[in-house]
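One structure is given here, and the rest of the page talks about it.
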Amino acid sequence: MPGYISPPDPAAYRQKVWALVRQIPAGQVATYGQIAALIPPPSGMDPHSYLSLGARWVGSAMASCPEDVPWQRVINSQGKISLSNPRAAQEQRTLLESEGILFDAHDRIDLSRYRWQSP
DNA sequence: GTTGTGACATCGC
DNA sequence: CGCGATGCCACAA
């Protein structure tokens with residue numbers, strides 16, 4: 001799949017991602033693209049490609065995050081869980097439901113209702 | 001040195 | 001409204 005280039009400074013990028021995710025209140029969610037949009041694109045990169053690449057950088061950053069990061073609150077733009085691993089996906093859903101977030105018949109979350117209004 | 005493999009967003013049918 | 005194709009590279013084993 002992927003066209004996938006790493007950020008100029010992967011370590012620093014991950015830190016920014018985690019810092020933002022930690023700000024998402026319980027009971028609310030944010031999309032990968034939303035998180036990426038809150039982080040300044042590397043200078044010289046065109047905004048259009050950052051839109052999709054940044055989202056994936058956020059994704060890979062979430063793949064290895066500290067315990068204190070509410071990783072379950074980050075989903076894709078379709079309002080669905082983006083984990084391929086069935087076990088992990090089920091766990092994420094359970095965690096979100098325990099925070100009061102409801103899933104519709106298509107396993108989707110109503111973003112217009114639960115999306116985090118980021119600053 | 002090769003090979004497999006990705007926590008996405010968007011656009012077209 | 002939903003499923004499928006596209007973009008096209010770094011990194012671990």
Side-chain angles (χ1 to χ4, degrees):
Chain A
M1 321 209 109
Y4 201 46
I5 61 182
S6 301
D9 187 342
Y13 196 86
R14 282 199 297 270
Q15 294 296 329
K16 292 181 181 178
V17 171
W18 298 334
L20 286 170
V21 175
R22 273 188 275 254
Q23 290 178 49
I24 304 174
Q28 290 183 49
V29 297
T31 66
Y32 296 96
Q34 183 182 354
I35 298 299
L38 293 174
I39 299 175
S43 58
M45 170 184 249
D46 81 280
H48 187 282
S49 54
Y50 176 69
L51 190 65
S52 62
L53 285 178
R56 286 190 298 206
W57 292 349
V58 171
S60 59
M62 297 309 293
S64 61
C65 68
E67 298 292 332
D68 64 321
V69 175
W71 57 274
Q72 73 275 22
R73 296 175 196 152
V74 185
I75 60 180
N76 63 34
S77 67
Q78 302 170 72
K80 296 196 295 188
I81 287 176
S82 200
L83 296 176
S84 53
N85 181 307
R87 283 265 310 153
Q90 178 55 55
E91 185 186 341
Q92 176 167 21
R93 175 168 180 151
T94 301
L95 284 171
L96 292 175
E97 291 179 323
S98 70
E99 292 183 2
I101 293 177
L102 302 176
F103 286 74
D104 66 14
H106 299 289
D107 299 313
R108 288 189 294 98
I109 290 174
D110 184 353
L111 286 175
S112 66
R113 198 162 69 169
Y114 299 107
R115 184 194 283 275
W116 173 45
Q117 299 305 115
S118 47

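Throughout, a chain's letter reflects where its sequence line sits, starting with A, and its residues are numbered from 1. Owing to the predicted nature of the structure, the values given are computational and were not obtained by experimental measurement.
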Among C:dG7, B:dA9, C:dA10, the one nearest A:R56 by side-chain distance: C:dG7

With side chains defined as the heavy atoms from C-beta onward, is the minimum distance between [X] and [Y] less than 4.5 Å?
| X | Y | result |
| --- | --- | --- |
| A:K80 | A:I75 | no |
| A:W57 | A:P10 | no |
| A:T31 | A:R115 | yes |

Euclidean distance, atom [atom1] of residue [X] to atom [atom2] of [N] [Å, nearest integer]:
| X | N | atom1 | atom2 | value |
| --- | --- | --- | --- | --- |
| A:W57 | C:dC8 | CH2 | P | 14 Å |
| A:L53 | B:dC8 | CG | C1' | 10 Å |
| A:R115 | B:dA9 | CZ | P | 9 Å |
| A:I35 | B:dA9 | CD1 | P | 11 Å |
| A:L51 | B:dT10 | CG | C1' | 9 Å |
| A:H48 | B:dT10 | NE2 | C1' | 8 Å |
| A:Q78 | C:dG2 | CD | P | 10 Å |
| A:Q34 | B:dT10 | CD | P | 12 Å |

OP1 or OP2 of C:dA10 versus the side-chain N and O atoms of A:S6: is any pair under 4.0 Å? no

Using only side-chain N and O atoms of A:S52, determine if any of them is under 4.0 Å from OP1 or OP2 of B:dT10. no

Could you check whether A:R73 gets within reach of a base, just the sugar-phosphate, or nothing at all, counting any heavy atom under 4.0 Å? nothing

Any sub-3.5 Å donor-acceptor pair from A:W71's side-chain atoms to A:Q92's backbone N or O? no

Considering only the P atoms, how many Å lie between C:dC8 and B:dT5, rounded to the nearest integer? 22 Å

